Amino acid sequence: MTEQYCHLGVRFSDAIALEPSNPAFLPKTGCFVLMPLGQEMILTASFDSPTSWVGGEVCGAGSVILTAFDQTGKILAQVTTAATPGVAPSQGKGSCFWQQLELNSCGIAKVMFHSSEPFIIKDFYFKGAITANAPSY
């Protein structure tokens with residue numbers, strides 16, 4: 001996933017795109033979701049040009065945090081979902097309770113979705129400065 005969307009001005013790290021096999025976790029707007037790669041439960045998106053609006057819908061076995069950083073690594077904003085006990089997207093148990101995470105802040109260079117429990121993201125979006133090579137989404 002690292003370079004797959006670089007033409008749009010975003011690069012992902014520690015992420016994998018997959019199609020859920022359990023229909024309870026299928027997104028309504030497409031067939032793929034993003035999931036952290038590895039055991040750390042951290043997924044990062046970096047932008048070629050600073051953006052001002054970033055978000056997505058998440059489903060997790062615990063609280064999921066979205067943190068925005070500027071180009072120097074300073075935290076600009078942070079938002080957290082409510083915990084949803086009994087939901088385990090990686091194990092296909094329960095039903096997926098999708099929650100919106102969104103941040104609006106000038107100068108967002110990177111965002112990090114993180115949790116202590118497994119989670120998935122659908123409908124990731126961003127909008128902000130337009131570069132010569134990348135449209136704003």
Side-chain angles (χ1 to χ4, degrees):
M1 287 265 331
T2 303
E3 300 294 323
Q4 188 171 355
Y5 296 100
C6 65
H7 65 285
L8 298 176
V10 62
R11 288 173 170 74
F12 292 95
S13 59
D14 301 318
I16 187 169
L18 53 90
E19 184 175 1
S21 58
N22 183 336
F25 300 102
L26 286 175
K28 292 179 183 174
T29 59
C31 58
F32 290 98
V33 296
L34 299 175
M35 185 173 177
L37 188 62
Q39 298 298 316
E40 293 183 21
M41 297 302 143
I42 298 171
L43 186 151
T44 303
S46 301
F47 305 100
D48 290 346
S49 295
T51 187
S52 59
W53 182 47
V54 180
E57 290 187 63
V58 299
C59 174
S63 295
V64 180
I65 302 165
L66 173 59
T67 305
F69 302 88
D70 69 10
Q71 291 178 327
T72 66
K74 176 184 168 192
I75 295 176
L76 297 174
Q78 190 173 71
V79 64
T80 306
T81 64
T84 53
V87 176
S90 66
Q91 298 170 6
K93 295 181 181 174
S95 61
C96 190
F97 178 67
W98 293 102
Q99 297 182 69
Q100 186 75 32
L101 282 180
E102 181 176 286
L103 290 174
N104 293 291
S105 184
C106 291
I108 299 172
K110 177 177 83 170
V111 293
M112 183 171 48
F113 290 86
H114 50 106
S115 177
S116 60
E117 301 291 335
F119 67 94
I120 53 179
I121 303 169
K122 70 173 185 173
D123 300 332
F124 175 83
Y125 56 87
F126 66 99
K127 184 176 181 179
I130 299 174
T131 66
N133 297 324
S136 178
Y137 288 91

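What you see is a predicted model, and the numbers here were worked out from it, not measured in a lab.
Expressed to the nearest 0.5 Å, how far CH2 of Trp53 lies from OG of Ser105 amounts to 14.5 Å. Rounded to the nearest 0.5 Å, atoms CD1 (Ile75) and CZ (Phe69) are 5.0 Å apart. Once rounded to the nearest 0.5 Å, the distance linking CE of Met112 with OG of Ser13 reads 9.5 Å. Here the OG1-CZ distance, from Thr44 to Arg11, works out to 14.5 Å after rounding to the nearest 0.5 Å. Rounding to the nearest 0.5 Å gives a distance of 11.0 Å between CD of Glu57 and CD1 of Ile121. From Leu76, atom CG reaches atom CD of Gln71 across 10.0 Å, with rounding to the nearest 0.5 Å.
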Dump the intermediate steps for side-chain contact (heavy atoms from CB on, under 4.5 Å) on Ile120 and Trp98, then the final yes or no.
CA-CA 9 Å; Ile120 53 179; Trp98 293 102; 3.7 Å; yes

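If you chain together hydrophobic residues whose side chains sit under 4.5 Å apart, Val79 and Val54 fall into the same group.
With Thr81 as reference, Val64 is the one residue of Val64, Leu66, Ile65 to meet the side-chain contact (heavy atoms from CB on, under 4.5 Å) rule.
Taking both residues in full, the closest heavy atoms of Glu117 and Gly62 are given as CB-N, 3.7 Å, listed atom of the first, atom of the second, then distance. Contact between Cys59 and Phe97 at its shortest, heavy atoms only, is SG-N, 3.7 Å. Scanning all heavy atoms of the two residues, the minimum distance from Asp70 to Ala109 falls at C-CB, 3.7 Å. What you find for Met41 and Pro118 is that their closest heavy atoms are SD-CA, 3.5 Å. His114 and Ile42 get closest at one heavy-atom pair: CB-CG1, 3.9 Å. Leu101 approaches Thr80 most closely through the heavy-atom pair CD2-C, 3.9 Å.
Not a single donor-acceptor pair under 3.5 Å links the side chain of Thr51 to the backbone N or O of Ile108.
Between Pro36 and Asp14 the shortest side-chain heavy-atom distance does not fall below 4.5 Å. In this structure the side chain of Val10 never reaches within 4.5 angstrom of the side chain of Tyr125, judged on heavy atoms.
The aromatic rings of Phe47 and Phe124 sit parallel to each other, their planes meeting at less than 30°, with 60° as the upper class boundary.
Annotation: Glu102, atom CD; neighbour count of heavy atoms from other residues, nucleotides and ligands within 6.0 Å is above 12.
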